[in-house]
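One structure below.
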Amino acid sequence: KAGVTQTPRYLIKTRGQQVTLSCSPISGHRSVSWYQQTPGQGLQFLFEYFSETQRNKGNFPGRFSGRQFSNSRSEMNVSTLELGDSALYLCASSFGTDSNQPQHFGDGTRLSIL
Amino acid sequence: AQKITQTQPGMFVQEKEAVTLDCTYDTSDPSYGLFWYKQPSSGEMIFLIYQGSYDQQNATEGRYSLNFQKARKSANLVISASQLGDSAMYFCAMRESRETSGSRLTFGEGTQLTVNP
């Protein structure tokens, strides 16, 4: 069974640009969550999608947005990039949203802002 | 208040020995799940083991076991017979009910484990 696939693996952008990251969940998984990981803040929750609906959102500015398609694939978009957006962005999928459902992560997209 | 606390920033263990990584959590939700993840230097987050709040027995998965003490709100990870490939960052995480936190995972700060030959 294929795991969670994130593309691209690495990305370099400059301030003010925008970026779109992609995530394909494990087949059959309908919940997709996004996390940002930085050395200073650790792992922080961005948002969660289930059946094309955003179910939950973390404490991030409106520049961070996402969506989920009917095949459960998800994208997240960051507009007007800032230096502080440099991070590892991790996508995770799970079958459902119950507390007993482990989230399985992709390899992440490492975003660097120059 | 921190929901997940990992008090050991770094741990060292000799190959083939057992090691315990500490994790305490804070929640008033009666229904929650506790998870441990391993993150090698390459960045991917690997799911290791799960413990549910209503589980009566401690979870085990191969060389990994979870020492779950509900009254103390602790969920320590025990790795037996350490291998060099176990060197990585280990994260404890909690997933509460949707009503409490929308089913997001809350992570601790992690413990960097180094296995010495």
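Everything numeric here is computed off the predicted structure, so don't read it as measured data. In what follows, every heavy atom counts, from backbone to side chain, and hydrogens, waters and symmetry copies are set aside.
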Out of curiosity, B/Gln39 CD to A/Leu90 CG, how far, rounded to the nearest 0.5 Å? 6.5 Å

Would B/Phe12 end up clustered with B/Leu84 when hydrophobic side chains under 4.5 Å apart are linked, directly or stepwise? no

Any donor-acceptor pair under 3.5 Å from B/Tyr37 side chain to A/His104 backbone: no

Among the clusters formed by ILVMFWY side chains lying less than 4.5 Å apart, do B/Phe68 and B/Val19 turn up in the same one? yes

Counting only heavy atoms closer than 4.5 Å, note whether A/Asn100 contacts chain B via side chain, backbone, both or neither. both

Decide if atom CG of A/Asn71 counts as having more than 12 heavy atoms of other residues, nucleotides or ligands within a radius under 6.0 Å. yes

Go through A/Pro102, A/Gly106, A/Gly42, A/Gly108 and name the one with the most non-hydrogen pairs under 4.5 angstrom from chain B. A/Pro102

Using 0.5 Å steps for rounding, measure from the CD atom of A/Gln44 to the CG atom of B/Leu105. 14.0 Å

Same cluster (ILVMFWY, side-chain, under 4.5 Å), B/Tyr90 and B/Ile4: yes

Within a radius of less than 6.0 Å around CZ of A/Arg15, do more than 12 heavy atoms belonging to other residues, nucleotides or ligands occur? no

Are B/Trp36 and B/Met11 joined in one hydrophobic group, where the rule is that I, L, V, M, F, W and Y side chains link up if heavy atoms are under 4.5 Å apart? yes

Enter the distance from A/Leu43:CG to B/Met89:CE here, rounded to the nearest 0.5 Å. 9.5 Å

Which residues in residues 40-66 of chain B have any heavy atom closer than 4.5 Å to a heavy atom of chain A? B/Ser42, B/Gly43, B/Glu44, B/Met45, B/Phe47, B/Tyr50

Flag yes if more than 12 heavy atoms outside B/Lys16 fall under 6.0 Å of its NZ atom; otherwise flag no. no

Less than 4.5 Å to any heavy atom of chain B: does that hold for the side chain of A/Gln37, its backbone, both, or neither? side chain

Quick one: are the ring centres of B/Phe107 and A/Tyr35 less than 6.0 Å apart? yes

Apply side chain to side chain contact (heavy atoms under 4.5 Å, CB included) to B/Thr106 and A/Phe45, showing your working. CA-CA 8 Å; B/Thr106 302; A/Phe45 172 78; over 6 Å; no

Decide yes or no on side chain to side chain contact (heavy atoms under 4.5 Å, CB included) for B/Arg95 and A/Gln101, but give the supporting numbers first. CA-CA 8 Å; B/Arg95 196 172 191 185; A/Gln101 298 282 325; 3.5 Å; yes

Do the side chains of A/Ile113 and A/Leu11 join up, straight or via other hydrophobic residues, at under 4.5 Å, putting them in one cluster? yes

